[in-house]
K.L.:
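This structure is in structure tokens; I'll ask about it shortly.
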Amino acid sequence: MNTEQKKSKTAISEEEVQLFWETQNIFQKSLEKESPQGEFVFYDGPPFATGLPHYGHLLAGTIKDIIPRYKTMQGYHVPRTWGWDCHGLPIENLIEKELGLANKKDIEEYGVGKFNDAARDSVLRYEKEWKRYVPRSGRWIDMDNPYMSMQSSYMESVWWIFSQLHEKGLTKQGFKAMHLCPRCETTLANFEVNQGYKDVTDISVTAKFKVKEEEDTYLLAWTTTPWTLPGNVALAVGEDIQYNKVKYEGAYYYVAQTLCESVFKDMEYEVVATVSGSDLVGLSYEPVFDYYQKQNLEHSENGWKVYSADFVTTEDGTGIVHIAPAFGSDDMELGKVHDLPFVQHVARNAEYIDDFAQNAEGESFKGSKVKVKDDLMSADIEIIKWLAHHERLFSKKKLVHSYPHCWRCDTPLLNYATTSWFIDTPTLVDRLVELNKKVNWVPDHVGEGRFGKWLEGARDWAVSRSRFWGTPLPVWNNAEGTETLVLGSISQLLDAVKTSGNTYFSIRHGQSQSNITGEINADVSVENGLTHLGKEQVEQSVEAFTNKEIDYIFVSPFQRTLETAEIIKEKLGLSDDQVIISDTLKERSAGSVWEGKQWSDAHAEEDAKQGNNFFNYRLADDAESISDVYKRSMEFLFNVEEKYKNKNILIISHAGALKTMNFALAHHGDEK
């Protein structure tokens, strides 16, 4: 019985149309037709190729296909080039899982270079599937010549954009409270944070802060993040809010008048006075954790006092806000206004730092093993236990609320004060709003509503990340922090680099037996010396170096290159000490399975299988890619540049290595 499902007439019709498009080259013909209206520029945000396409890609892709077709019909020329988003945390997270790396520290111990190699190799793993899905969806776009965000030309364009923004005064480096993923150990932009909110159950606490000026009197402050309490340096009240002074079980407590019932629910208490928030401003109190108060921090004289703040409300809590400038935007701004001491008792990986964790009144909090990041309750529980033991806990209760998580790895985020580079978007708000009014939004309420409101409230755009696999920002600061250099191209970078003054010359070895047979010889132990013709070639070529006053010869360790170096050394009258063998100049390895076989066959296989991954393709698992050769060639040059100054250096190597090195020095092409 044949259980194979028959294709529908619609599917068959679609496939016939697609075949007609392909065989008749219809898309290319649409690009070649007359375009009296000129160019229509179409930008398409590229997808990652580390996963398969889904309905979200195909739906958006269909919309993206409609507009260029329509503009083509109107007489425009609309080139459409596919792209691949190769960088970023989604790929890093994927490689971390595959390599069994749990966090940023693991990556550093594994080796950033090896980690980035694995990321680079993973980029196009699903390219074939995408090249089948996208055309089958009916979309016209050139997928055979895509751009890639890891190409040096693409990264250079990002440098140029950043440098242009910098010249216009639209970039800045700042220290501010931002959402940070403690597992990835990097900050997130606001739009990324908005993707990861979910309801969680936390423990909120009301803590007791003892007033120094009044006997047996406490300020009650409520927080949903008990782990931040060791970083407390101030309390905030609303200047015009009314506060009750309440007597309860022999002690006195300040709490907002309208919240008194909820704070003292089911308790027998007495209101002994009502004061304005302005009457509380200036009071000093004892911090629940006094470790940092004892450290003589900068601006300590301003710390652990009551201040007024506009953001204090009586919607919930106690009407008194605990201030930890390292862990909140409002807190940090208040800290700047009043020169409060800055306490950051939690590291970027969400572990308590050792000096606090091991010395807070003898309590260890389990040392650095206490992590905020586990579930946002592990550290909270330890803090609550400490508060209860030291009679600083007034009450606690479970709270279900929406909390941001990392949209990539699902880790609860920290609101964390750190440095980042920003685009100064607020200065552009008026212009953005003006231009948005000229956009024909469908439906029109989106432009005025969600998107328009978002533009009106646009904040600084954080563009830097503290990770590994991405485009580096073209920013250099001197050691003193007094000078910043922002570059817009690789050429500008090379011009800014202080060179050693060395002059480099290069020569390929003379003809060897493998050059005649076309065999692959990347095994240094294989005998493969110069032929008679090869020796003559070297003797003729050495004439070009007789007037160069060569100081050193650096040579690959293979027999054919060593024999070449020996002839040149004798002709130029150099000593043995002036000839240095370097393994980084060796022949490109095609892998053990290819050793002794024909280069022509290897190149044919490369042409057939490498696709768009030319620079990173490897013929075998133990083979080298062109990118690998590039990296070791550059390693050689960097090391020589660092060690030698104002020397004439002759490099004797192999065709592949020399081509790659010349490519690097000339910074041509699109790859690294």
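Side-chain atoms are counted along with the backbone in the values below, which use heavy atoms only and exclude waters and symmetry mates.
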K.L.:
Please examine the side chains of Asn515 and Arg508, heavy atoms only from C-beta on, and report whether any two atoms are closer than 4.5 Å.
P.N.:
yes
K.L.:
Does any pair with a residue in residues 524-548 pass salt bridge (charged side-chain N to carboxylate O under 4.0 Å, His left out), and if so which ones, sequence neighbours excluded?
P.N.:
none
K.L.:
Under a 4.5 Å cut-off applied to non-hydrogen side-chain atoms, are Ile649 and Phe505 in contact?
P.N.:
no
K.L.:
Checking side chain to side chain contact (heavy atoms under 4.5 Å, CB included) between Leu101 and each of Ile107, Asn93, Ile95, which is the one that passes?
P.N.:
Ile107
K.L.:
Assess the residue pair Lys571 and Ser541 against the criterion (side-chain contact (heavy atoms from CB on, under 4.5 Å)); give the C-alpha distance rounded to whole Å, side-chain angles, the decisive distance to 0.1 Å, and a yes or no.
P.N.:
CA-CA 11 Å; Lys571 290 285 187 180; Ser541 299; over 6 Å; no
K.L.:
Between Asp117 and Lys114, does any side-chain N to carboxylate O distance fall below 4.0 Å?
P.N.:
no
K.L.:
Any side-chain heavy atom of Lys647 sitting closer than 4.5 Å to one from Ser500?
P.N.:
no
K.L.:
Can you confirm whether Glu549 is buried at CD, in the sense that more than 12 heavy atoms of other residues, nucleotides or ligands lie under 6.0 Å from that atom?
P.N.:
no
K.L.:
When the ring planes of His57 and His54 are compared, do they come out parallel, tilted or perpendicular, using 30° and 60° as the limits?
P.N.:
tilted
K.L.:
From Ile141 CD1 over to Asp65 CG, what is the distance, rounded to the nearest 0.5 angstrom?
P.N.:
8.5 Å
K.L.:
Who are the salt bridge (Lys or Arg N to Asp or Glu O under 4.0 Å) partners of Arg467, not counting sequence neighbours?
P.N.:
Glu92, Glu96
K.L.:
Between Tyr110 and Phe115 (judged by ring centroids, cut-off 6.0 Å), do the two rings come close enough to count as a pair?
P.N.:
no
K.L.:
Are Thr484 and Asn477 close enough, and set up right, to give a side-chain hydrogen bond (donor to acceptor under 3.5 Å, both in side chains), and what steps lead you there?
P.N.:
CA-CA 5 Å; Thr484 297; Asn477 294 320; 2.7 Å; yes
K.L.:
Would Ser512 and Ser514 count as having a side-chain donor-acceptor pair, cut-off 3.5 Å?
P.N.:
yes
K.L.:
Counting N and O atoms only, with roles assigned by atom type, does the side chain of Trp159 sit under 3.5 Å from a partner on the main chain of Val486, one being a donor and the other an acceptor?
P.N.:
no
K.L.:
Taking all non-hydrogen atoms of both residues, which atom of Lys64 and which atom of Gly45 are closest, and how far apart?
P.N.:
NZ-O, 3.5 Å
K.L.:
Just so I know, are the side chains of Met155 and His87 near enough to count as touching, which here means a heavy-atom distance under 4.5 Å?
P.N.:
yes
K.L.:
Checking Arg560 against Asn521: is there a side-chain donor and acceptor pair closer than 3.5 Å?
P.N.:
yes
K.L.:
Do Thr187 and His179 come within less than 4.5 Å of each other through their side chains, counting heavy atoms only?
P.N.:
no
K.L.:
Just say parallel, tilted or perpendicular for the rings of Tyr644 and Tyr552, cut-offs at 30° and 60°.
P.N.:
tilted
K.L.:
Check the pair His509 / Phe558 against ring-ring contact (aromatic ring centres under 6.0 Å, His included), numbers first and verdict last.
P.N.:
CA-CA 10 Å; His509 61 79; Phe558 286 74; 8.9 Å; no
K.L.:
Main chain of Asp551, side chain of Gln578: is a donor-acceptor contact present, judged purely on distance under 3.5 Å?
P.N.:
yes
K.L.:
Before giving the answer on salt bridge (charged side-chain N to carboxylate O under 4.0 Å, His left out), spell out for Lys569 and Glu566 the whole-Å C-alpha distance, their side-chain angles and the decisive distance to 0.1 Å.
P.N.:
CA-CA 5 Å; Lys569 183 195 77 170; Glu566 183 64 24; 3.4 Å; yes
K.L.:
Got a sec, which residues hit side chain to side chain contact (heavy atoms under 4.5 Å, CB included) with Ser625, two or more places apart in sequence or on another chain?
P.N.:
Arg618, Ser627, Asp628
K.L.:
Does NZ in Lys643 sit with more than 12 non-hydrogen atoms of other residues, nucleotides or ligands closer than 6.0 Å?
P.N.:
no
K.L.:
Once rounded to the nearest 0.5 Å, what's the spacing between atom CD of Glu156 and atom CD1 of Ile161?
P.N.:
11.5 Å
K.L.:
Do side-chain atoms of Glu185 reach the backbone of Lys104 as a donor and acceptor pair under 3.5 angstrom?
P.N.:
no
K.L.:
Strictly below 4.0 Å, N to O, side chains only: are Arg183 and Asp410 in salt-bridge contact?
P.N.:
no
K.L.:
Would you check, one step at a time, whether the test side-chain contact (heavy atoms from CB on, under 4.5 Å) holds for Met150 with Trp84?
P.N.:
CA-CA 9 Å; Met150 68 180 183; Trp84 294 114; over 6 Å; no
K.L.:
Side-chain contact, heavy-atom cut-off 4.5 Å: Cys409 with Trp407?
P.N.:
no
K.L.:
Decide if atom CH2 of Trp461 counts as having more than 12 heavy atoms of other residues, nucleotides or ligands within a radius under 6.0 Å.
P.N.:
no
K.L.:
Taking atom types as modelled, is there a side-chain donor on Ser466 or Arg348 under 3.5 Å from an acceptor on the other?
P.N.:
yes
K.L.:
With no hydrogens and no angle check, is any side-chain donor or acceptor of Trp469 less than 3.5 Å from a backbone partner on Cys86?
P.N.:
yes
K.L.:
Just by distance, with hydrogens left out, do Ser464 and Ser420 show a side-chain donor and acceptor under 3.5 Å apart?
P.N.:
yes
K.L.:
Output yes when a side-chain donor or acceptor of Ser525 lies under 3.5 Å from a complementary backbone atom of Asp523, and no otherwise.
P.N.:
no
K.L.:
Please check this pair: side chain of Arg588 against backbone of Glu624, looking for a donor-acceptor N/O pair closer than 3.5 Å.
P.N.:
yes
K.L.:
Side chains of Val555 and Ile580: closer than 4.5 Å at any heavy-atom pair?
P.N.:
no
K.L.:
Could you label the plane-to-plane angle of the Trp140 and Phe27 rings as parallel, tilted or perpendicular, counting under 30° as parallel and over 60° as perpendicular?
P.N.:
tilted
K.L.:
To check you understand the geometry: which heavy-atom pair defines the closest contact between Ala496 and Leu485, and what is its length?
P.N.:
CB-CD2, 4.1 Å
K.L.:
Among Asn648, Val640, Leu637, whose side chain to side chain contact (heavy atoms under 4.5 Å, CB included) with Asn502 holds?
P.N.:
Val640
K.L.:
Which heavy atom of Tyr147 sits nearest a heavy atom of Gln151, and at what distance?
P.N.:
CA-OE1, 3.7 Å
K.L.:
Hey, is Glu351 close enough to Lys105 for a salt bridge, meaning N to O under 4.0 Å?
P.N.:
no
K.L.:
Hey, does Leu94 have a side-chain heavy atom less than 4.5 Å from the side chain of Arg125?
P.N.:
yes
K.L.:
Take a 6.0 Å sphere around CG of Asp621 and say whether it holds more than 12 heavy atoms from other residues, nucleotides or ligands.
P.N.:
no
K.L.:
Looking only at heavy atoms, which two atoms of Ser149 and Thr471 are closest? And how far apart?
P.N.:
O-OG1, 4.3 Å
K.L.:
If you draw a 6.0 Å radius around CD in Glu642, do more than 12 non-hydrogen atoms from other residues or ligands fall strictly inside?
P.N.:
no
K.L.:
For the side chain of Gln537 and the backbone of Gly510, is there at least one donor-acceptor N/O pair under 3.5 Å apart?
P.N.:
no
K.L.:
Is there a side-chain contact (heavy atoms from CB on, under 4.5 Å) between Thr531 and Gln513? Walk through the geometry before answering.
P.N.:
CA-CA 6 Å; Thr531 63; Gln513 189 61 37; 4.2 Å; yes
K.L.:
I need the minimum non-hydrogen distance between Phe48 and Asp85, along with the two atoms involved.
P.N.:
CD2-O, 2.9 Å
K.L.:
Short question: side chain of Glu606, backbone of Tyr617 - any donor-acceptor pair under 3.5 Å?
P.N.:
no
K.L.:
Quick one: do Cys181 and Leu188 satisfy side-chain contact (heavy atoms from CB on, under 4.5 Å)? Show the steps, please.
P.N.:
CA-CA 7 Å; Cys181 174; Leu188 282 74; 3.9 Å; yes
K.L.:
Return yes if some donor-acceptor pair links the side-chain N/O of Lys586 with the main-chain N/O of Val524 below 3.5 Å, else return no.
P.N.:
no
K.L.:
Looking only at non-hydrogen atoms, find the nearest pair between Glu595 and Ala522 and report the distance.
P.N.:
OE1-N, 3.1 Å
K.L.:
Evaluate the ring planes of His166 and Phe162, with Trp represented by its six-membered ring, and classify them as parallel (under 30°), tilted (30 to 60°) or perpendicular (over 60°).
P.N.:
parallel
K.L.:
Would you find a donor on one side and an acceptor on the other, under 3.5 Å apart, between the side chain of Gln559 and the backbone of Leu530?
P.N.:
no
